[in-house]
J.: 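The structure that follows is given in the form of structure tokens.
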Amino acid sequence: MASTALTYSDDQAEAHDAIAEALRGAGIDLDNGTLLPPREGQTRVMAIIGKAGSGKTLLLAQLYHALEEAGLEVVSGDWEGRKRRDKRTLAILAPTNKAASVLRNRGVPATTIHRILYTPVYDPEYERIAEWLAGNGERPEVEGLTEQALDRAHAFYQNNKSIPGALAAAGLRGSDFITGWKRREEPLDVGFVDEASMLDAKQMEDLQEIFPTLILFGDPAQLAPVNQSGAMVFETLPEPAKLILSRVHRQDADNPILDLAHALADPALEFHHFGTMIEDAARRDDRVQWAERVEVDLMARSPVLVWRNATRIRLIHAFRKVHGAPETALLEGEPLICDGIELPMKHRKKRLDLEARGLIKGAQVIYLGPGRKPGFSRLHVMGAEEPQVSAASIVKIEKPDEEEPFIPFAANMGATFLHGAAVTIHKAQGSQWNTVQVFAPDLYAAARMGRSEAGQPLWKRLAYVAITRAEERLCWVVRNRLSKPERGLRIDDLQSAPAPLSLEALSE
């Protein structure tokens with residue numbers, strides 16, 4: 001390792017060299033920038049493991065730049081040109097759109113695992129445009145598209161390497177140029193997976209079928225997937241395949257939020273001691289706030305993080321009440337969380353289409369208004385590259401002390417949503433927000449119950465995940481009180497796609 005030595009800690013340098021050695025065995029020499037054709041039958045899985053502030057993202061980004069410089073083609077999941085047998089490829093993945101967008105905001109072209117497992121099938125006429133934009137063909141003449149529209153597509157692609165986005169800039173909808181989705185048949189090459197603590201065994205199996213070289217980046221202090229019995233997929237790897245990173249203080253500028261996160265590793269730390277640490281941090285640094293109430297204006301974009309479902313439902317009800325939301329309808333700007341897809345097996349293609357647009361379980365969505373057909377909603381999918389969609393929707397509004405949710409409107413089938421003004425800490429994994437409100441009474445309840453997960457008090461794991469969701473500011477809410485809104489809900493601040501992608505064919 002040469003040019004990156006000045007920016008790496010010792011741990012990062014050792015991890016970089018170990019990965020470089022593994023890639024060299026796969027025919028990718030980062031030191032000399034040379035590539036050999038892929039080697040059949042060789043597989044390798046490694047994991048970069050470290051808590052918040054250990055520099056996992058910096059290492060991932062540096063490795064991405066080195067691989068791109070060496071000549072690997074980055075596969076984004078939105079379109080792939082004709083594959084050459086000797087071409088080496090790299091895909092950078094995350095379990096959710098929000099987690100992928102965190103990487104994209106740092107200049108790393110990440111996509112979701114789903115968009116790599118399933119690939120779009122393009123209409124042949126529009127695939128010619130894609131080949132041209134990617135530099136693999138001549139400028140086409142396409143009936144119904146003007147030269148000016150092609151110029152717009154070309155200009156968009158120069159700045160944003162997204163084929164769907166470029167075609168949308170030309171005035172096309174997704175349903176015009178994507179005719180369906182199919183399970184990936186041919187393997188890729190090198191895969192980087194961020195937020196690997198969220199992976200379950202089935203996703204890991206799927207990824208190993210596609211990538212002979214797979215590098216996982218994960219935080220062992222986070223919460224394991226609910227169906228994994230407290231274990232994370234990288235914990236089963238042999239010890240030489242696990243590379244441990246420690247905190248890098250010079251990279252996090254003594255961030256008080258990270259100081260609090262790392263303090264949770266002290267086995268002697270009790271909940272009331274931790275509360276005192278937060279109070280002290282709040283007096284020294286405005287990046288930490290000891291909050292006497294929940295700020296309702298933040299909830300529309302940054303949900304309150306809670307442990308108990310009853311707390312979540314109570315906060316959602318209060319949020320809707322202070323905004324004067326009617327029981328029979330949603331207001332524009334209300335936040336939603338995708339809770340999955342309700343479609344019978346015979347509609348598998350439609351399910352894949354919804355999921356490929358970003359409507360996967362846990363996706364954060366903003367309601368923009370009703371669609372053109374009954375039961376349809378116009379939605380903004382937070383973190384998606386083409387965020388605006390129109391989809392058949394089933395919206396469930398849960399109410400305190402009532403078993404069945406109220407459904408203000410619903411299509412016969414489609415994407416299902418819960419309200420998103422408050423979410424459980426489990427569902428918040430993989431996401432980050434500028435400001436995060438953590439509902440401390442819930443964590444106190446977990447502490448009093450004395451529950452443990454993977455050998456650590458549950459309240460500490462919950463607190464660690466919750467406070468590390470904050471990019472800039474942490475609000476530790478200590479009372480069950482809600483402020484009054486200073487402004488109404490809004491949607492004018494959301495990024496608009498050049499042309500909304502329509503999923504209204506799902507009603508046919």
Side-chain angles (χ1 to χ4, degrees), residues 77 94-102 111-115 117-118 174 181 195 198 200 203 225-227 299-306 309 312-313 316 319 330 332-343 347-348 350-371 375-398 405-433 469 491 494 497 500-504 506-507:
T96 65
N97 277 292
K98 200 75 169 64
S101 73
V102 171
T111 189
T112 62
I113 292 170
H114 187 277
R115 289 297 293 266
L117 293 178
Y118 296 93
W181 301 84
E195 296 290 350
M198 298 173 67
D200 60 32
Q203 289 173 315
V226 175
N227 58 351
M299 296 169 72
R301 293 289 184 273
S302 175
V304 182
L305 304 188
V306 304
N309 260 320
R312 179 179 64 83
I313 294 168
I316 288 167
F319 172 86
L330 288 173
E332 290 183 2
E334 286 200 66
L336 302 172
I337 296 290
C338 183
D339 198 41
I341 308 294
E342 290 188 8
L343 287 171
H347 293 294
R348 182 171 174 272
K350 294 177 181 178
R351 172 187 292 276
L352 294 178
D353 198 30
L354 280 167
E355 291 174 339
R357 303 296 189 198
L359 295 177
I360 55 181
K361 195 174 180 72
Q364 186 186 6
V365 173
I366 305 297
Y367 178 73
L368 301 178
F376 279 79
S377 305
R378 290 183 296 110
L379 306 165
H380 182 102
V381 183
M382 302 298 284
E385 293 180 88
E386 289 82 44
Q388 293 192 8
V389 301
S390 177
S393 306
I394 303 165
V395 179
K396 301 175 183 179
I397 305 296
E398 300 153 293
F406 177 72
I407 302 177
F409 62 90
N412 292 329
M413 55 187 181
T416 64
F417 297 95
L418 301 175
H419 205 278
V423 303
T424 62
I425 294 168
H426 272 90
K427 279 195 174 177
Q429 285 199 141
S431 296
Q432 283 191 305
W433 295 274
R469 300 310 92 204
I491 59 175
L494 297 173
L501 299 172
S502 174
L503 301 178
E504 301 203 352
L506 292 178
S507 64

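Numbers here are sequence positions counted from 1. Heavy atoms only: backbone and side chains are in, while hydrogens, waters and symmetry mates are out.
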J.: Out of curiosity, Gln432 CD to Glu195 CD, how far, rounded to the nearest 0.5 Å?
T.: 7.5 Å
J.: How long is the straight-line distance from CG of Leu305 back to CD of Gln429, given to the nearest 0.5 Å?
T.: 11.0 Å
J.: Between Lys396 and Phe417, is a side-chain contact (heavy atoms from CB on, under 4.5 Å) present by the stated rule, with each step listed?
T.: CA-CA 6 Å; Lys396 301 175 183 179; Phe417 297 95; over 6 Å; no
J.: Using atom types as modelled and distance alone, determine if a side-chain donor or acceptor of Ser390 lies under 3.5 Å from a backbone N or O of Gly371.
T.: no
J.: For residues Leu379 and Ala391, report the shortest heavy-atom separation together with the two atoms involved.
T.: CD1-CB, 4.5 Å
J.: With side-chain contact (heavy atoms from CB on, under 4.5 Å) as the criterion, how do Asn309 and Thr424 come out once you've worked through the C-alpha distance, each side chain's angles and the decisive distance to 0.1 Å?
T.: CA-CA 7 Å; Asn309 260 320; Thr424 62; 4.0 Å; yes
J.: Please report the interatomic distance OG(Ser431) to CD1(Ile337), rounded to the nearest 0.5 Å.
T.: 7.5 Å
J.: Between Pro370 and Phe376, is any pair of side-chain heavy atoms under 4.5 Å apart?
T.: no
J.: Listed by chain and number, what are the salt bridge (charged side-chain N to carboxylate O under 4.0 Å, His left out) partners of Glu334, not counting sequence neighbours?
T.: Arg320
J.: Could you walk me through whether Leu494 and Met382 satisfy the side-chain contact (heavy atoms from CB on, under 4.5 Å) test, starting with their C-alpha distance in whole Å, then the side-chain angles of each, then the deciding distance to 0.1 Å, before giving a yes or no?
T.: CA-CA 9 Å; Leu494 297 173; Met382 302 298 284; 4.2 Å; yes
J.: Which heavy atom of Val423 sits nearest a heavy atom of Ala428, and at what distance?
T.: CG2-CB, 4.2 Å
J.: Find out whether Thr96 and Ile113 are in side-chain contact, i.e. whether some heavy atom of one side chain is under 4.5 Å from a heavy atom of the other.
T.: no
J.: Determine whether Val365 and Leu359 make a side-chain contact, defined as any pair of heavy atoms from C-beta on separated by less than 4.5 Å.
T.: yes
J.: Glu398: what forms a side-chain hydrogen bond (donor to acceptor under 3.5 Å, both in side chains) with it, not counting sequence neighbours?
T.: Arg312
J.: If I compare all heavy atoms of Tyr367 with all of Ile491, which pair ends up nearest, and what's the gap?
T.: O-CG2, 3.9 Å
J.: Looking at Ala300 and Phe319, what are the two nearest heavy atoms and their distance?
T.: N-CE1, 4.0 Å
J.: If we only count heavy atoms from C-beta on, is the Ile425 to Val306 side-chain gap below 4.5 Å?
T.: no
J.: Rounded to the nearest 0.5 Å, how far does OG of Ser393 lie from CZ of Arg378?
T.: 11.5 Å
J.: If you compare all heavy atoms of Arg301 against all heavy atoms of Gln364, which two are closest, and at what distance to 0.1 Å?
T.: O-NE2, 2.9 Å
J.: Are Ile397 and Leu418 packed together at the side-chain level, in the sense that at least one heavy-atom pair is separated by less than 4.5 angstrom?
T.: no
J.: Search all heavy atoms of Ile360 against all heavy atoms of Cys338 and return the closest pair with its distance.
T.: O-CB, 3.4 Å
J.: Under the side-chain contact (heavy atoms from CB on, under 4.5 Å) rule, collect the residues that match up with Ala94, sequence neighbours excluded.
T.: Ala99, Ala100
J.: Between the side chains of Lys361 and Asp339, is the shortest nitrogen-to-carboxylate-oxygen separation below 4.0 Å, so that they form an ion pair?
T.: yes
J.: Give the intermediate values and the outcome of side-chain contact (heavy atoms from CB on, under 4.5 Å) for residues Leu368 and Gln388.
T.: CA-CA 9 Å; Leu368 301 178; Gln388 293 192 8; 4.0 Å; yes
